Participant: 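My questions will all concern the structure given below.
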Amino acid sequence: MMVDKQNGLPEITNFSEEDRHFMEMAIELSIKNIDEGGGPFGAVIVRDGKYIASGANRVVPNNDPTAHAEVTAIRNACRELNTFSLEGCTVYTSCEPCPMCLSALYWAGIERICYANTKRDAAAIEFDDSFIYDQLRLDYDRRTIHCEHFMRDEALAAFRKWNDKLDKVEY
């Protein structure tokens, strides 16, 4: 097994033809998206070998800093399946997910993440998320975004109401 020298993770060389097909779709989407005013990122979501939805980076065209390829694909897949849960799904993404996208993939219940470019490849073209990882390790008082905590007692009313709700849908 080969090891990717950039991130020290094993580089899979025995992926299936199905994996290749869906990754090629994500990569093609990332290339096409540049001509459409978006960033060089694409993602495809699949369940049981069947295409569900895709997404591309639309941060600039949509004026939406959360419109990354994976988040867009998650939104499209959830709309297509009429559910908030993407359990049993695989995402094929043209680049290793950033911290926001990785979190969204976890929240969506994605089972498997396959990526092509690495976060170091992204950093080499000025898409560097290392500062976010660095910020998360810091205490609140040392982060560049000032965090202020107040009115907890009042806000706990919503949490108590949720906790007591008998017909809640947990996620």
Side-chain angles (χ1 to χ4, degrees), residues 1-81 83-138 143-145:
M1 179 178 293
M2 295 177 57
V3 173
D4 183 329
K5 292 181 178 114
Q6 286 192 350
N7 62 18
L9 295 174
E11 186 175 335
I12 306 217
T13 56
N14 61 343
F15 49 86
S16 71
E17 282 305 311
E18 184 177 280
D19 288 334
R20 175 181 291 281
H21 169 71
F22 291 121
M23 185 61 80
E24 285 173 347
M25 285 178 66
I27 292 168
E28 192 173 302
L29 186 58
S30 73
I31 294 168
K32 181 179 175 224
N33 194 53
I34 296 168
D35 294 331
E36 296 173 356
F41 304 96
V44 173
I45 295 180
V46 174
R47 182 186 281 158
D48 299 325
K50 293 181 178 62
Y51 169 89
I52 303 297
S54 60
N57 179 290
R58 305 303 295 162
V59 169
V60 172
N62 293 5
N63 293 317
D64 180 353
T66 68
H68 289 200
E70 296 90 341
V71 172
T72 302
I74 289 168
R75 291 172 181 159
N76 293 339
C78 288
R79 192 170 22 259
E80 178 67 26
L81 296 173
T83 182
F84 61 83
S85 174
L86 297 178
E87 286 184 35
C89 289
T90 295
V91 64
Y92 295 88
T93 180
S94 64
C95 186
E96 185 175 358
C98 74
M100 176 186 69
C101 292
L102 184 60
S103 296
L105 292 165
Y106 273 99
W107 279 112
I110 291 287
E111 184 174 299
R112 181 175 172 229
I113 300 169
C114 300
Y115 64 93
N117 290 319
T118 67
K119 60 185 173 186
R120 286 192 179 101
D121 296 328
I125 61 163
E126 306 299 322
F127 288 95
D128 189 355
D129 298 319
S130 61
F131 74 95
I132 296 173
Y133 290 108
D134 293 342
Q135 288 290 302
L136 291 172
R137 285 189 275 276
L138 295 175
R143 293 183 183 175
T144 58
I145 296 177

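In what follows, residues are counted from 1 in the order of the sequence shown. Predicted, not measured: the structure shown is a model, and the values here were computed from it.
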Participant: Has the side chain of Asp48 got a donor or acceptor atom that lies under 3.5 Å from a matching backbone atom of Lys50?
Facilitator: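 Looks like no, no N/O pair under 3.5 Å.
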Participant: Could you pull out the closest heavy-atom pair between Cys78 and Thr83, with the gap in Å?
Facilitator: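 For Cys78 versus Thr83, the nearest heavy atoms are CB-O, 2.9 Å.
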Participant: Going through the checks in order, is the side-chain contact (heavy atoms from CB on, under 4.5 Å) test met by Val46 and Met25?
Facilitator: CA-CA 11 Å; Val46 174; Met25 285 178 66; over 6 Å; no
Participant: Of the non-hydrogen atoms in Leu136 and Arg143, which two are nearest, and what is the gap between them?
Facilitator: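 Nearest pair, atom of Leu136 first, then Arg143: O-NH2, 3.4 Å.
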Participant: Measuring from Leu86:CG to Leu105:CG, what's the distance to the nearest 0.5 Å?
Facilitator: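 It comes to 9.0 Å.
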Participant: Specify the closest pair of heavy atoms between Val60 and Gly37, including all atoms of both residues, with the distance to one decimal.
Facilitator: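 Residues Val60 and Gly37, closest heavy atoms: CB-O, 4.2 Å.
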Participant: To the nearest 0.5 angstrom, please state how far the CD atom of Glu70 sits from the OG1 atom of Thr72.
Facilitator: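 Glu70 CD to Thr72 OG1: 8.5 Å, rounded to 0.5 Å.
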Participant: For the CZ atom of Arg47 and the CD atom of Glu111, what is their distance to the nearest 0.5 Å?
Facilitator: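 With rounding to 0.5 Å, CZ (Arg47) is 9.5 Å from CD (Glu111).
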Participant: Do you know which of Arg20, His21, Arg112 makes side chain to side chain contact (heavy atoms under 4.5 Å, CB included) with Tyr92?
Facilitator: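 So, applying the side chain to side chain contact (heavy atoms under 4.5 Å, CB included) to Tyr92 and each of Arg20, His21, Arg112, only Arg112 qualifies.
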Participant: Taking the side chain as C-beta and beyond, is there a heavy-atom pair between Phe127 and Cys95 under 4.5 Å?
Facilitator: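 Side chain of Phe127 against side chain of Cys95, heavy atoms only: no contact under 4.5 Å found.
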Participant: Just by distance, do the side chain of Glu80 and the backbone of Ile52 share a donor-acceptor pair under 3.5 Å?
Facilitator: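 Not at all, since once roles are kept as given, no pair shorter than 3.5 Å links the two residues.
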Participant: What's the separation between atom CE in Met23 and atom OG1 in Thr93, rounded to the nearest 0.5 Å?
Facilitator: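 If I round to the nearest 0.5 Å, the distance is 7.0 Å.
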Participant: Start with the C-alpha distance between Thr90 and Cys114, add both sets of side-chain angles, then the distance that settles side-chain contact (heavy atoms from CB on, under 4.5 Å), and finish with yes or no.
Facilitator: CA-CA 7 Å; Thr90 295; Cys114 300; 4.0 Å; yes
Participant: At their closest point, which heavy atom of Cys98 faces which heavy atom of Asp129, and how far apart are they?
Facilitator: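 Here Cys98 and Asp129 meet closest at CB-OD2, 3.0 Å.
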Participant: Determine, step by step, whether Asn33 and Ser30 satisfy the side chain to side chain donor-acceptor pair (under 3.5 Å) criterion, reporting the C-alpha distance in whole Å, the side-chain angles of both residues, the deciding distance to 0.1 Å, and the verdict.
Facilitator: CA-CA 5 Å; Asn33 194 53; Ser30 73; over 6 Å; no
Participant: Mind listing the closest non-hydrogen atom pair of Phe22 and Gly49 along with its distance?
Facilitator: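 Residues Phe22 and Gly49, closest heavy atoms: CZ-O, 3.6 Å.
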Participant: Looking at Glu28 and Lys32, is there a salt bridge between them, counting it only when a charged N and a carboxylate O are closer than 4.0 Å?
Facilitator: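 No, this pair does not count.
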Participant: About how many Å separate CZ of Arg75 and CD1 of Ile45, when rounded to the nearest 0.5 Å?
Facilitator: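 Going from CD1 on Ile45 over to CZ on Arg75, the span is 11.5 Å.
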Participant: To the nearest 0.5 Å, what is the distance between CD1 on Ile110 and CG on Leu102?
Facilitator: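 Output value for this atom pair is 11.0 Å.
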Participant: Would you say that more than 12 heavy atoms from the other residues, nucleotides or ligands in this model lie under 6.0 Å from the OH of Tyr106, or not?
Facilitator: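 Open.
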Participant: Does the pair Ile132 and Gln135 meet the rule for a side-chain contact (heavy atoms from CB on, under 4.5 Å), with working shown?
Facilitator: CA-CA 5 Å; Ile132 296 173; Gln135 288 290 302; 5.6 Å; no
Participant: With a 3.5 Å distance limit and no angle check, can you tell me whether Asn76 reaches the backbone of Ser54 through a side-chain donor-acceptor pair?
Facilitator: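 Pair found, side chain donor or acceptor close to backbone of Ser54.
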Participant: Where is the tightest heavy-atom contact between Gly55 and Ala73, given as atom of each residue plus distance?
Facilitator: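 The answer is N-CB, 3.6 Å.
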Participant: Identify, with sequence neighbours excluded, every residue that meets salt bridge (Lys or Arg N to Asp or Glu O under 4.0 Å) alongside Arg79.
Facilitator: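 With sequence neighbours excluded, Arg79 shows a salt bridge (Lys or Arg N to Asp or Glu O under 4.0 Å) to no residue whatsoever.
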Participant: Taking CD in Glu36 as the centre, count heavy atoms belonging to other residues, nucleotides or ligands within less than 6.0 Å. Is the count above 12?
Facilitator: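 Counting neighbours around CD of Glu36, more than 12 heavy atoms of other residues, nucleotides or ligands fall under 6.0 Å, so yes.
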